[in-house]
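Scroll down for the structure; my scribbles are underneath it.
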Amino acid sequence: NKDINIDILKDRTDNIYVGDLEKIMKEVRTENRRERKAEKISYPSLNEEEMRMLADESMVVERSYEDYLENEYMKIRVDNTGVTHMILPDRTTNLKVQMYYWTGCYGNNTDTTFRSSGAYIFRPQTTQPYPMTYRITGTIKGPVLQEFRAEAKENAASVLRVYNGLNYFVHDFVVGPIPVEDKVGKEYVVRYETNVVNNGEFYTDSNGRQMLKRKLNERPQWNLTLEEPVAGNYYPVTNKISIEDNNTRISILTDRSEGGTSLEEGDLELMLHRRLLHDDAFGVGEALNETAGGVGLVMRGTHKLLNLDPRNQQEVEEKKLLLQTHLKPIVFVSDAENVDYETW
Amino acid sequence: RFVLNELKSAMGVMQHHDAITGTEKEHVAHDYERLLDAAIEDSLIIARQAFNKIAQNSPLKPALFSYDRCRFNESSCPTSEASEKFVLTIYNPVGWNVMEPIHVPVLEGQYEVYAPNGDKITSQLIDIPAPVRNIPTRKSNATHELVFIAKLHPLGVKQFYVKKITKITKITKRDVMKTNDYYGNINDYWKNLHDNFVEIHNLDDFDKTFKSEQIPLPIPKTDSKVDM
């Protein structure tokens with residue numbers, strides 16, 4: 001999405017979402033497709049597969065696309081851009097689930113200003129992450145669950161899910177292998193962007209001990225000047241990270257320990273996957289570039305999003321859900337070809 | 001006790017700061033995976049022994065049944081993919097009632113899920129999304145996931161019976177009658193249908209099951225010289 005030479009995308013300050021992709025498709029269709037395909041110079045960042053994707057009418061998303069995932073506790077509004085709102089019986093919260101990636105610094109490690117991002121050190125090159133462009137791949141509705149699927153060309157796929165009878169919203173994701181053909185290491189994150197007014201404050205569970213309040217660019221014990229404005233605000237998240245204002249508390253329950261922060265007002269950010277091409281010279285002696293299967297690691301994980309009213313004293317319910325996310329039921333499967341239903 | 005000690009020992013190794021944070025070298029990470037997986041797998045002997053003890057005097061006696069743990073972390077389970085009838089034994093490790101969505105990787109088809117009291121419970125079949133682009137994906141035959149909500153008691157064990165109810169569903173009565181014209185004897189056809197495809201014993205059942213017009217049943221090969 002860096003080099004697409006189309007007027008609508010010239011404004012780099014806007015993120016490119018599915019709605020923009022639709023506009024591109026419309027342009028592609030109105031032109032002679034063969035000529036357009038041959039004119040690769042106009043689309044230097046698109047490969048053959050992406051060109052085919054743009055030209056494929058079956059992938060065009062209707063302009064008026066709007067849908068709801070719902071159960072007895074909530075309604076999730078989705079449109080061309082993905083999730084937009086979480087509607088509860090007593091309030092509505094703006095919600096966007098967006099994946100980004102940070103690019104890793106590359107240095108000679110002679111000084112802190114020339115340090116590479118590596119296994120020990122998270123040191124992004126920029127102060128704003130690069131957003132991923134999503135493509136909607138389907139919505140499923142049934143008696144047990146309703147889900148919305150989207151995927152990004154940077155090898156990331158999301159499934160957003162609502163189960164009947166359960167009061168949380170699930171984000172199931174598959175990320176990787178992180179492409180590094182451009183010789184740039186990347187660190188993938190997901191942001192849950194809401195309209196909660198948290199004034200830079202967020203809460204993380206400090207390695208499972210207790211929920212601690214964190215404040216952006218601040219430490220409770222001393223005056224702080226951060227040399228790393230992004231990494232300096234990242235904290236360990238063992239199971240839970242949350243933000244809140246007077247009437248909404250958004251909590252994300254993770255299925256494993258992750259790094260997390262809230263860099264923008266109302267946002268919760270969690271790191272999902274890292275692939276870096278340089279050692280950070282802190283002792284591991286190799287780059288964080290695991291190449292299982294020859295292509296890099298793929299990770300699959302789940303986040304549960306809870307939207308509660310902090311005035312309702314639902315801490316116990318939240319803690320229970322947190323523990324049962326960590327201590328999931330254990331499933332054993334047995335072949336029963338020799339045991340029919342009646343016998344069972 | 002000694003298999004549990006093996007797991008305790010592996011967990012001790014995992015307290016190393018590199019194991020906790022993931023800053024170990026890649027081959028060390030693989031060694032940690034090996035250690036932990038072997039220890040977890042071995043400690044499942046305890047769970048299996050317990051289940052077998054409970055099931056000793058029931059039809060689910062150990063001779064017929066083996067309890068294999070499936071982690072489902074990559075939508076893959078050799079047993080549920082290969083078998084048309086299987087039992088899910090689910091243990092809830094926390095001390096309160098839990099409603100947990102269970103996703104079981106299966107092949108495409110129609111499935112029924114039965115709760116421990118024998119009642120059929122609501123389930124849903126969803127397709128597993130294709131991999132993003134052409135990247136290597138999981139090694140599994142599963143194309144779908146069977147999803148249902150398990151209501152589990154505190155520290156309780158529950159069994160759910162799952163069966164695939166048909167292999168081929170897209171046939172209509174008209175197709176059967178057409179085939180009957182060809183072969184003259186519908187009873188043979190019914191026998192064939194019953195033996196091979198679905199549990200249907202008479203035409204009334206057939207009507208109830210397949211009311212809509214769907215894709216024709218593939219007609220068995222016949223001598224090409226015969227002009228039908």
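Per chain, numbering begins at 1; letters A, B, ... match sequence-line order. Quick caveat, the model's predicted, so the values are computed rather than measured. Keep in mind that the numbers below use all heavy atoms, side chains included, and drop hydrogens, waters and symmetry copies.
Contacts of A:Ile330 with chain B are made by both backbone and side-chain atoms, with heavy-atom separations under 4.5 Å. Looking at B:Glu24, the atoms closer than 4.5 Å to chain A (heavy atoms on both sides) all sit in the backbone: N, CA, C or O. Of the two parts of B:Thr122, the backbone and the side chain both hold a non-hydrogen atom closer than 4.5 Å to a non-hydrogen atom of chain A. For B:Ile102, the part sitting under 4.5 Å from any heavy atom of chain A is the side chain, from C-beta outward, and nothing else. For B:Pro78, no part lies under 4.5 angstrom from a heavy atom of chain A. Within the 4.5 angstrom heavy-atom criterion, only side-chain atoms of B:Leu152, from C-beta onward, approach chain A. At a 4.5 Å heavy-atom cutoff, the contact between B:Cys70 and chain A is made by backbone and side-chain atoms alike.
When side chains are defined from C-beta on, B:Pro101 does not count as touching A:Arg161, because their heavy atoms never get closer than 4.5 Å. Put simply, the side chain of A:Leu145 reaches to within 4.5 Å of the side chain of B:His103, judged on heavy atoms. Contact of the A:His326 side chain with the B:Val94 side chain is not registered, since no non-hydrogen atoms from C-beta on lie closer than 4.5 Å. Within the 4.5 Å cutoff, the side chain of B:Glu74 has no heavy atoms near those of the A:Val298 side chain. No side-chain heavy atom of B:Lys85 sits less than 4.5 Å from a side-chain heavy atom of A:Val339. Contact of the B:Asp127 side chain with the A:Ile140 side chain is registered, since non-hydrogen atoms from C-beta on lie closer than 4.5 Å. Using a 4.5 Å heavy-atom threshold, the side chains of A:Leu323 and B:Trp96 count as touching.
Between A:Leu288 and B:Gly22, the closest heavy-atom pair is CD1-O, 4.4 Å. Across all non-hydrogen atoms, the minimal contact from B:Pro93 to A:Pro329 is CD-CA, 3.8 Å. The two residues B:Ser123 and A:Pro143 make their nearest non-hydrogen contact at O-CG, 3.8 Å. Heavy-atom minimum distance, A:Ala336 versus B:Ser83: N-OG, 4.2 Å.
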Open item on the list: Working note: B:Ile126 + A:Glu147, criterion side chain to side chain contact (heavy atoms under 4.5 Å, CB included); need CA distance, chi angles, decisive distance, verdict.
Closed with: CA-CA 10 Å; B:Ile126 57 170; A:Glu147 68 180 34; 3.8 Å; yes
Open item on the list: Pair A:Asp335, B:Thr79 - check side chain to side chain donor-acceptor pair (under 3.5 Å), show working.
Closed with: CA-CA 6 Å; A:Asp335 184 6; B:Thr79 310; over 6 Å; no
- [ ] Evaluate the criterion side chain to side chain contact (heavy atoms under 4.5 Å, CB included) for residue pair B:Gln159 and A:Ser334; output intermediate values, then yes/no.
- [x] CA-CA 10 Å; B:Gln159 279 197 339; A:Ser334 310; 5.8 Å; no
Ignoring hydrogens and angles, write down the donor-acceptor pairs under 3.5 Å from the side chains of residues 276-285 of chain A, residues two or more places apart or on other chains.
| residue | atom | partner | partner atom | Å |
| --- | --- | --- | --- | --- |
| A:Asp279 | OD1 | A:Ala281 | N | 3.4 |
| A:Asp279 | OD2 | A:Ala281 | N | 3.4 |
| A:Asp280 | OD1 | A:Phe282 | N | 3.3 |
| A:Asp280 | OD2 | A:Ala119 | N | 3.3 |
| A:Asp280 | OD2 | A:Tyr120 | N | 2.7 |
| A:Asp280 | OD2 | A:Ile121 | N | 3.0 |

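Annotation: maximal heavy-atom pairing with chain B below 4.5 Å, among A:Val333, A:Val331, A:Asn164, occurs at A:Val333. For chain A, the option among B:Val162, B:Thr23, B:Ile90 with the highest count of heavy-atom pairs below 4.5 Å is B:Thr23. Comparing B:Tyr91, B:Tyr161, B:Phe86 by heavy-atom pairs within less than 4.5 Å of chain A, the highest count is held by B:Tyr161. By number of non-hydrogen pairs under 4.5 angstrom with chain A, the leading residue of B:Lys25, B:Met99, B:Glu100 is B:Lys25. Looking only at heavy-atom pairs under 4.5 Å with chain B, the residue among A:Lys328, A:Lys320, A:Glu286 that has the most is A:Lys320.
Legend: residues meeting ring-ring contact (aromatic ring centres under 6.0 Å, His included) with A:Phe173, ordered by chain and number and at least two apart, are A:His171, A:His303.
We find the CZ-OH distance between B:Phe148 and A:Tyr163 to be 11.5 Å, quoted to the nearest 0.5 Å. To the nearest 0.5 Å, atom CD of residue A:Glu337 and atom NZ of residue B:Lys163 are 12.0 Å apart.
Surrounding NZ of B:Lys120 are at most 12 heavy atoms belonging to other residues, nucleotides or ligands under 6.0 Å away. Within 6.0 Å of NZ in A:Lys141 there are more than 12 heavy atoms belonging to other residues, nucleotides or ligands. Annotation for B:Lys158: atom NZ counts as buried by contact number, over 12 foreign heavy atoms lying within 6.0 Å.
Remark: the backbone N or O of A:Glu290 is not paired with any side-chain donor or acceptor of B:Glu26 at under 3.5 angstrom.
Ring pair B:Phe51/A:Phe332 is perpendicular by interplanar angle, where above 60° counts as perpendicular and below 30° as parallel.
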